[in-house]
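Below: the structure, in structure tokens.
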Amino acid sequence: MNWKFTSFLLTGVPGLEDFQIWISIPFSFMYLLAVVGNGLVMAVVACDKSLHAPMYLFLTMLAFNDVLLCTVTVPKMLVIFWQGPSLSAFPACLTQMFFVHALFLSESAVLLAMAFDRYMAISAPLHYATLLTGSFIGKVGIALVARSVVVVTPGVLLILRLHFCRSNIIHHTYCENMGIAKLACNSITPNSTYGLTAALLTTGLDFVLISLSYWLILRTVFRLPSREARTKAFGTCGAHLCVILIFYSLAFFSFFTHRFGHQVPRHILILLANLYLLVPPTMNPIVYGIKTKEIRMRVLGFLSQPK
């Protein structure tokens, strides 16, 4: 087997090699904030039985997914920023690619589940407790993992059919589907078509369903007779909407510019591809900490406990 099949060379951000050590500073801070912030959310929900409600269990799923998502990419990226181009074995590269795309899809699925949770809590409060049981939430968790595996696995298999005879250099900070596929000598049309179709039928459909859920939620909220009830509903849903807008706006902008924005400088594309995987995990615990009173009070109490 040709040596170019055995490993790929990740170069980092093309054109910004001299500045990567400085770029690593905010990225390191964001990664630390993401791990600590999401870790606190998981710890608080796990330790406080009063928070074992669907809304907080979904939030814990989101926090766990966020920690995995940025951990799959950021440590390797920081090594590249600090030490220069880094070799990644072919199996390791495929594994990273699988988890990047699978965790991104599961993040989208958790956001959809959270939108459904808020819709049920506000639009059908009498049926909320009977429908969203612990068993149901567990099945949702299994389903979103299964969906990610089923959707991403064909993309990995399509990479395995390619022949690499030109170069093993990937101008990126992590291994992703099209970054690997573009190094192939044979046609990558099936890879590109499947990637676009899968993205539209999963993440794209999730976004449509989430938008529909929040439209129905807002319609219900405006009909609530109590001003206090409307304010509380807006407060909870506002936090969710912030997270959703951050996640999908960065993801869609990066996705479409990477495929169709041929005039966009490559270093901008690579930075965007890193930011859409790192910014949501960093912002999610901050947004929920500020907007969700129960989480905020528990975290402050957790931090103020005597050592």
Side-chain angles (χ1 to χ4, degrees), residues 38 40-66 105-148 201-248 280 284-302:
N38 286 293
L40 277 173
V41 169
M42 288 187 286
V44 165
V45 174
C47 295
D48 192 332
K49 290 185 178 180
S50 67
L51 295 180
H52 291 184
M55 172 180 166
Y56 303 109
L57 293 177
F58 284 130
L59 180 55
T60 304
M61 287 185 193
L62 185 68
F64 181 65
N65 195 90
D66 280 342
L105 286 183
S106 60
E107 178 108 350
S108 180
V110 174
L111 291 175
L112 176 59
M114 293 174 76
F116 176 74
D117 169 72
R118 289 302 86 204
Y119 170 73
M120 292 300 299
I122 293 171
S123 302
L126 297 178
H127 302 288
Y128 179 73
T130 55
L131 288 175
L132 274 82
T133 61
S135 173
F136 176 78
I137 294 170
K139 290 175 182 176
V140 169
I142 294 171
L144 66 88
V145 171
R147 185 187 80 155
S148 295
L201 292 179
T202 52
T203 312
L205 184 59
D206 290 347
F207 181 72
V208 171
L209 293 174
I210 288 170
S211 300
L212 176 62
S213 297
Y214 277 100
W215 179 76
L216 295 172
I217 288 169
L218 290 174
R219 191 179 67 172
T220 303
V221 168
F222 282 121
R223 293 176 180 174
L224 293 175
S226 167
R227 182 177 179 179
E228 183 181 349
R230 288 198 299 270
T231 303
K232 184 177 180 180
F234 275 125
T236 303
C237 294
H240 293 189
L241 284 171
C242 286
V243 168
I244 288 163
L245 288 173
I246 291 169
F247 178 76
Y248 285 105
N284 289 353
I286 296 173
V287 170
Y288 283 110
I290 293 172
K291 289 290 186 180
T292 310
K293 181 182 177 182
E294 292 80 5
I295 294 289
R296 183 174 70 250
M297 298 305 293
R298 300 307 196 284
V299 168
L300 291 173
F302 187 80

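Keep in mind that what you see is a predicted model, and the values were worked out from it rather than measured.
- Between Asp48 and Tyr56, every side-chain heavy-atom pair lies at or beyond the 4.5 Å cut-off.
- Contact detail for Ser123 and Leu216: the closest heavy-atom pair is OG-O, 4.4 Å.
- Residues Leu144 and Met61 form a side-chain contact, since some pair of their non-hydrogen atoms from C-beta on lies under 4.5 Å apart.
- Between Phe58 and Leu132 the shortest side-chain heavy-atom distance falls below 4.5 Å.
- Atom CG of Leu111 sits about 5.5 Å away from atom CD1 of Ile244, to the nearest 0.5 Å.
- Distance CE/Met55 to CD1/Ile137: 12.0 Å, rounded to 0.5 Å.
- Interatomic distance, Leu218 CG to Ser213 OG, rounded to the nearest 0.5 Å: 11.0 Å.
- The two residues Arg147 and Ala109 make their nearest non-hydrogen contact at NH2-CB, 3.5 Å.
- Nearest approach of Ile217 to Ala115, heavy atoms of both residues: CD1-O, 3.9 Å.
- Tyr119 and Thr220 share no side-chain donor-acceptor pair at under 3.5 Å.
- In terms of heavy atoms, Val45 sits closest to His52 at O-NE2, 2.9 Å.
- Of the possible donor and acceptor atoms, none in the side chain of Asp117 sits under 3.5 Å from a partner among the backbone N and O of Ala113.
- You'll find the side chain of Tyr128 stays beyond 4.5 Å of the side chain of Ile122, heavy atoms only.
- To the nearest 0.5 Å, the span separating CD1 on Ile210 from CZ on Arg118 amounts to 14.0 Å.
- Proximity of Ser108 to Tyr248: side-chain heavy atoms (C-beta onward) are separated by under 4.5 Å at one or more points.
- Between Leu105 atom CG and Asp206 atom CG the span is 8.0 Å, to the nearest 0.5 Å.
- The CG atom of Leu51 sits 8.5 Å away from the OG1 atom of Thr60 when rounded to the nearest 0.5 Å.
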